[in-house]
Amino acid sequence: MSYLARGNDFDIYTTFQRFLQDDQISPPLAAILSLAEAIVKSNAGTMFELVQALNDGAEELKRRSPNPISLNAGCELFIAFVTLFPHESDNFAELKKELEQQGRKYAAEAISFRDKIAELALGFIKDDSVILTHSYSRVVLRALLHAHKTKRISVYVTESRPRGLGLKTYEALTAAGIPCTVVLDSAVAYVMDQVDFVLVGSEAVVESGGLINYVGSNQMAIIAKAANKPFYALAESYKFHRLFPLSQYDLPTHNPNTLSFATPPSTAQSAGQDAANATTTPTASTKDSANLGTSSSFTERAMTQEQIAKNPGVDYTRPDLISLVFSDVGILTPEGVSQYLVGMFAG
């Protein structure tokens, strides 16, 4: 039996999506707020039933989300809090209301965690620093804008295909007056010698001290290690996640379709498609082909939605590739993250 409220009154995933409409609310916080609302909506009459309702809600969120990693970190944190919360009240309805208020209070306070992290990162950003960042991260953006108040910095940001979230970072930084250049994802190695360090956000920081972030972070860390450049991760403590992946293929987002090979079309179909392409696709001259870097005659090609769907959205970066993790609980080594996680869920 499920004690989670369902129906027209309350849908936990719709509630989760509603909270995400606030740009300051990240998926873990939206998950905490959704579970807090689920508490007062539930028909649970005991603590056992309430925890079961919250676990059912967390499972519903994971099932309906294309990338459940970061929201699951928030679910774990809030359910652990509810389980350990001292409850002496004889009125269970009052206790449920108190737990909901505590969830909302935590989420409101957690938004300020980015300011704490930005202040910690400031000490590692020197005048005239050239920084490489990846995709879009609220906490990284906060750190860069904070540094810009007192220091001269320049930023390279990866385009971050296929969603192009690096362009969102570029627009925010240039609007603030920070010199910024967008870099092709495939040009990370090219630009690495020009930067002082790499600064990335996170979807989650896992038990090993490794990092789960938007795809491309792992190759950036590998290149930074080879170039002897520091690789710093910024992560709010509500993104610390009890997960222990050993490789990319242990991530919850990996599935049999990821990077699978398509069945080749028949010879007749292939010939027909080639003929269609020959008549509809613009081609470049031999002269243009010899000058790929400057030619304007090429038609830009884009991946199809089917091709994009076969690619991973996030990847895993091993702890030995990460220099430091900046969090609201302090500046941690990857090993320090493991120790903190043990303490956080031990009560």
Side-chain angles (χ1 to χ4, degrees), residues 2-6 10-22 24-65 67-89 92-114 116-117 138-139 202-207 212 235-244 252 327-329 337 340-347:
S2 176
Y3 298 93
L4 179 68
R6 301 178 189 273
F10 181 75
D11 179 83
I12 193 164
Y13 189 71
T14 302
T15 304
F16 173 74
Q17 292 291 334
R18 171 166 55 83
F19 284 122
L20 281 181
Q21 290 176 5
D22 183 342
Q24 294 302 308
I25 300 295
S26 58
L29 293 182
I32 289 171
L33 289 167
S34 300
L35 291 178
E37 193 164 321
I39 287 178
V40 293
K41 299 285 187 180
S42 76
N43 54 10
T46 66
M47 182 57 72
F48 175 83
E49 293 172 352
L50 181 59
V51 172
Q52 183 178 331
L54 292 176
N55 282 320
D56 289 344
E59 287 300 318
E60 180 80 3
L61 288 174
K62 287 188 284 185
R63 183 180 64 82
R64 294 171 65 178
S65 174
N67 176 14
I69 293 173
S70 62
L71 73 85
N72 196 37
C75 290
E76 278 187 350
L77 181 64
F78 187 64
I79 292 173
F81 166 77
V82 169
T83 304
L84 298 170
F85 188 77
H87 48 284
E88 300 177 356
S89 173
F92 195 68
E94 289 181 5
L95 175 62
K96 287 164 69 174
K97 187 65 178 176
E98 172 68 13
L99 288 169
E100 186 222 7
Q101 291 172 351
Q102 289 292 330
R104 291 185 179 277
K105 179 182 177 182
Y106 175 82
E109 292 174 349
I111 293 176
S112 69
F113 289 177
R114 296 175 194 135
K116 295 179 183 178
I117 296 169
R138 297 175 183 87
V139 66
S202 64
E203 287 279 316
V205 180
V206 296
E207 282 187 276
I212 300 174
E236 302 92 324
S237 58
Y238 53 75
K239 292 182 178 178
F240 288 6
H241 190 6
R242 288 191 300 176
L243 191 67
F244 207 111
S327 178
D328 49 283
V329 296
V337 171
Y340 182 82
L341 263 168
V342 170
M344 186 167 71
F345 287 97

(message) My understanding is that only residues two or more places apart in sequence, or in another chain, count here; which of them pass ring-ring contact (aromatic ring centres under 6.0 Å, His included) with F19?
(response) none

(message) For a 4.5 angstrom cut-off between non-hydrogen side-chain atoms, does V329 reach F240?
(response) yes

(message) Using side-chain contact (heavy atoms from CB on, under 4.5 Å), reason through L341 and V206 one step at a time and then give a plain yes or no.
(response) CA-CA 9 Å; L341 263 168; V206 296; 6.0 Å; no

(request) Kindly say whether I117 contributes a backbone atom to a donor-acceptor pair with the side chain of D328 at under 3.5 angstrom? (result) no

(request) May I have the step-by-step check of salt bridge (charged side-chain N to carboxylate O under 4.0 Å, His left out) for R63 and E60, ending in yes or no? (result) CA-CA 5 Å; R63 183 180 64 82; E60 180 80 3; 3.1 Å; yes

(message) For N43 and E49: C-alpha separation, side-chain torsions, deciding distance, then whether side-chain contact (heavy atoms from CB on, under 4.5 Å) applies.
(response) CA-CA 9 Å; N43 54 10; E49 293 172 352; over 6 Å; no

(message) Under 4.0 Å between a side-chain nitrogen and a carboxylate oxygen: does that hold for R18 and D11?
(response) no

(request) Can you see which heavy atom on A110 is nearest to which on L29, and at what distance? (result) CB-CD2, 3.6 Å

(message) Between Q102 and E98 (side chain of the first, backbone of the second, donor and acceptor by atom type, cut-off under 3.5 Å), is there such a pair?
(response) no

(request) Look only at the side chain of S202 and the backbone of V205, and say whether a donor-acceptor pair between them is shorter than 3.5 Å. (result) no

(request) Kindly say whether L61 contributes a backbone atom to a donor-acceptor pair with the side chain of S65 at under 3.5 angstrom? (result) no

(message) Contact between E59 and D56 at the side-chain level, heavy atoms closer than 4.5 Å - yes or no?
(response) no

(request) Please step through side chain to side chain donor-acceptor pair (under 3.5 Å) for the pair Q17 and Q21, ending with a clear verdict. (result) CA-CA 7 Å; Q17 292 291 334; Q21 290 176 5; over 6 Å; no

(request) Report yes or no: does S327 contribute a side-chain atom to a donor-acceptor pair with the main-chain N or O of E236 at less than 3.5 Å? (result) no

(message) Run R138 and S26 through side-chain contact (heavy atoms from CB on, under 4.5 Å) and show every step you take.
(response) CA-CA 9 Å; R138 297 175 183 87; S26 58; 3.7 Å; yes

(request) Measure from the side-chain N and O atoms of K96 to the backbone N and O of K41, and report whether any donor-acceptor pair falls under 3.5 Å. (result) no

(request) Would you give the length of the straight line joining atom CD1 of I39 to atom OG of S34, rounded to the nearest 0.5 angstrom? (result) 11.5 Å

(message) Applying salt bridge (charged side-chain N to carboxylate O under 4.0 Å, His left out), can you list everything that pairs with R104, at least two apart in sequence or on another chain?
(response) E37, E100

(request) Compare every heavy atom of F16 with every heavy atom of P27, then report the nearest pair and how far apart it is. (result) O-CE1, 3.4 Å

(message) Minimum heavy-atom separation for S237 and Y106, please, with both atom names.
(response) OG-OH, 4.3 Å

(message) Rounded to the nearest 0.5 Å, what separates atom CG in L33 from atom OG1 in T15?
(response) 10.5 Å

(request) May I ask you to say whether E203 pairs ionically with K239, meaning some side-chain N is under 4.0 Å from a carboxylate O? (result) no

(message) Less than 4.5 Å apart, side chain to side chain, heavy atoms only: is that true for L99 and V40?
(response) no

Contacts table for residues 69-86: side-chain donor-acceptor under 3.5 angstrom, sequence neighbours left out:
from, atom 1, to, atom 2, distance (Å)
N72, ND2, H241, NE2, 3.4
E76, OE1, H241, ND1, 3.2
E76, OE1, R242, N, 3.3
T83, OG1, I79, O, 2.7

(message) I need the minimum non-hydrogen distance between L243 and P252, along with the two atoms involved.
(response) CD2-CD, 3.9 Å

